[in-house]
Undergrad: 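This structure is in structure tokens; I'll ask about it shortly.
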Amino acid sequence: MEKQEENFKIDIEEEKTDKEDMYSCRRRISRVMITLIIGLLATCYYIFVVELCIFTVPSQELKATFLVIFHILFLLCMWSYLRVVITPPAVPPETFRLSESDKQLYLSEERPEVQEQILSRAAKNLPLYYNVDSKTPIKYCRKCQFIKPDRCHHCTVCDICILKLDHHCVFLNNCVGFSNYKFFLLFLLYVPLLLIFTSAVSLYCSILFWTDQLPNMDSKGSAIALFCMSTLSCIIFCYRYIYDHYSLVLTNETLLEFNEGLHCEYNPYDLGYRKNWRQVFGNKKRYWFIPIFSSLGDGSSFPLGDATKDIEKNGAIDCQTPK
């Protein structure tokens, strides 16, 4: 019997080690992906600015126009991307941590119904959907030792609980959650706009070559290659990401909640298209399309769909970038 227990413990430890190795490998792959993305953007920047605008476009007015528009879109794209990458995920506030006595009581108790009672007592004054609908279970993370706020999930790669977790992105080496969700959406918006503009200008230059309005230059191949690459990337990007994520914003649902079917029958956080949009982008329209944090609320509690008051009066407020 003792041997079986020892073997069982060894199996658990080996499984834990394998998982840690896998997550460590994912993080290394993510760092490589970030380097590749930045390298790809730098290459496209060189081809567009140097090969096309400076050496190919004949009109000085068009050169200036193309360069100004391209640099605005490129700056917004890079700004959004870097904000997503470097913004740390928001974690639950200390008010959601069990007291030392409750934690010891919870860990020492084996009966699920008693554990539920301990959590229920500790969560009584917390802003949880459980206190509105008692059928909703209270979730406790043993690793982070937090009562999980609504829409909070533990990321196995980052190994922390994250407020309003959307997903862990290998291209960002970071989790997309409450603190950087707006930046992620803006990145998804500015990438296709940049690709569309790049594709249009490279097509214009390619037509000039094909109609013999320009001499046969080395940049001819670059123009055609950039057109094909940007057009294909734009089609894939729009089809795969834009529709999916922006439709989820309008229904106030995260990708994780959608994939797990958590709100198939009823989504308590759906406030209607306009208020759902403002939950992410804020009340001040001048900040909507700038990579500055303007989301409503604190990420640990959310207004409910059956609320009769406006978002601003229902506990969701403008706040600065979460700490």
Side-chain angles (χ1 to χ4, degrees), residues 12-13 15-34 80-100 102-104 106-107 115 118-119 122-123 126-130 136-185 187 245 248 252-260 262 269 279-280 291 293 295-302 316 319-323:
I12 290 175
E13 287 297 323
E15 186 180 343
K16 188 178 178 182
T17 304
D18 290 342
K19 282 186 177 180
E20 286 175 354
D21 290 342
M22 181 180 70
Y23 297 143
S24 177
C25 181
R26 278 190 190 179
R27 285 191 287 271
R28 285 196 292 270
I29 291 171
S30 292
R31 294 188 191 103
V32 173
M33 293 303 297
I34 289 175
S80 301
Y81 180 71
L82 292 175
R83 286 303 303 269
V84 184
V85 172
I86 66 176
T87 301
V91 298
E94 286 298 313
T95 51
F96 284 83
R97 192 183 295 276
L98 284 181
S99 65
E100 194 61 34
D102 282 339
K103 185 177 75 175
Q104 295 301 327
Y106 179 85
L107 294 174
Q115 288 181 333
I118 295 167
L119 293 179
L126 294 175
L128 294 173
Y129 186 59
Y130 168 81
T136 306
I138 297 175
K139 297 175 183 177
Y140 179 73
C141 180
R142 288 175 176 267
K143 266 197 169 184
C144 300
Q145 299 179 353
F146 277 110
I147 291 176
K148 291 182 182 179
D150 294 332
R151 316 183 83 177
C152 175
H153 297 272
H154 187 91
C155 174
T156 51
V157 181
C158 298
D159 202 28
I160 54 173
C161 282
I162 295 170
L163 297 178
K164 198 184 176 184
L165 176 63
D166 190 80
H167 68 286
H168 183 92
C169 185
V170 69
F171 298 106
L172 304 172
N173 192 30
N174 198 4
C175 272
V176 176
F178 175 75
S179 61
N180 59 1
Y181 188 45
K182 178 192 171 184
F183 309 141
F184 175 71
L185 292 170
F187 175 67
H245 284 281
L248 290 175
N252 207 335
E253 198 170 7
T254 65
L255 185 64
L256 187 149
E257 290 166 349
F258 176 78
N259 288 338
E260 294 188 0
L262 299 180
Y269 308 110
Q279 279 277 293
V280 177
F293 186 84
S295 300
L296 299 180
D298 57 7
S300 58
S301 62
F302 302 89
C319 59
Q320 302 303 315
T321 305
K323 299 177 181 178

Undergrad: Answer yes or no: is there a side-chain heavy-atom contact under 4.5 Å between L255 and V176?
TA: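 The answer is no, as the side chains (C-beta and beyond) never meet within the 4.5 Å cut-off.
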Undergrad: Is a donor on one side and an acceptor on the other found under 3.5 Å between the side chain of N180 and the backbone of V85?
TA: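 Side chain of N180 to backbone of V85: no pair is present.
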Undergrad: Output the distance between atom CZ (F293) and atom OG1 (T87), rounded to the nearest 0.5 Å.
TA: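 If I round to the nearest 0.5 Å, the distance is 9.5 Å.
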Undergrad: For a quick test of reading the model, state the closest non-hydrogen atom pair linking K164 to N252 and the distance between them.
TA: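 Result for this residue pair: NZ-OD1, 4.2 Å.
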Undergrad: Do L163 and Y181 have side chains that approach each other closer than 4.5 Å (heavy atoms only, starting at C-beta)?
TA: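 When only atoms from C-beta onward are counted, Y181 and L163 do not touch, as no gap falls below 4.5 Å.
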Undergrad: Compare all side-chain heavy atoms of H167 with those of L256 and state whether any distance is below 4.5 angstrom.
TA: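 Result no, sub-4.5 Å side-chain heavy-atom pair not found.
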Undergrad: Quick one: pull up CD1 in I147 and SG in C152 and give me the separation to the nearest 0.5 Å.
TA: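 Spacing of CD1 (I147) from SG (C152) equals 11.5 Å.
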Undergrad: Once the angle between the rings of F302 and F178 is folded into 0 to 90°, is it parallel (under 30°), tilted (30 to 60°) or perpendicular (over 60°)?
TA: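 Geometry flag for F178 against F302: perpendicular rings.
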Undergrad: Ignoring hydrogens and geometry, is there a side-chain-to-backbone donor-acceptor pair from R83 to P291 under 3.5 Å?
TA: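 The answer is yes, because a donor-acceptor pair under 3.5 Å joins these two groups.
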Undergrad: Would you name the heavy atoms of Q145 and R142 that are closest together and state the gap between them?
TA: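 In this case the closest contact between Q145 and R142 is CG-O, 3.4 Å.
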Undergrad: So which heavy atom on K148 is nearest to which on L128, and how close?
TA: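 Nearest pair, atom of K148 first, then L128: O-CD2, 3.7 Å.
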Undergrad: Testing the basics here: between Y140 and F146, what is the closest heavy-atom pair and its distance to 0.1 Å?
TA: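 The pair with the smallest heavy-atom distance is CD1-O, 3.2 Å.
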Undergrad: Name all residues meeting the side chain to side chain contact (heavy atoms under 4.5 Å, CB included) criterion together with L82; count only those two or more places apart in sequence or in a different chain, and write none if there are none.
TA: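 L82 satisfies side chain to side chain contact (heavy atoms under 4.5 Å, CB included) with no other residue.
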Undergrad: Throw together a table of side-chain donor-acceptor distances under 3.5 angstrom for residues 89-99, partners on residues two or more places apart or in other chains.
TA:
from : atom 1 : to   : atom 2 : distance (Å)
E94  : OE1    : R97  : NE     : 2.9
E94  : OE2    : R97  : NH2    : 3.3
R97  : NH1    : C144 : O      : 3.3
S99  : OG     : S101 : OG     : 3.3
S99  : OG     : D102 : N      : 3.3
S99  : OG     : D102 : OD2    : 3.3

Undergrad: Locate the shortest heavy-atom distance separating E253 from R151; write the atom from each residue and the value.
TA: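 E253 and R151 have their closest heavy atoms at CA-NH2, 3.7 Å.
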Undergrad: Among side-chain atoms of H154 and D159, is any donor-acceptor pair under 3.5 angstrom?
TA: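 Side-chain D/A pair, H154 to D159: present.
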Undergrad: Would you call the rings of F184 and H245 parallel, tilted or perpendicular, taking 30° and 60° as the class edges?
TA: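 Perpendicular: the ring planes of F184 and H245 meet at over 60°.
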Undergrad: Rounded to the nearest 0.5 Å, what separation is found between the CD1 atom of I118 and the CD1 atom of I138?
TA: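 Answer for the CD1-CD1 pair, I118 versus I138, is 11.5 Å.
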Undergrad: Which atom pair, heavy atoms only, marks the closest approach of N174 to V84?
TA: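 Distance-wise, the nearest heavy atoms are ND2-O, 3.0 Å.
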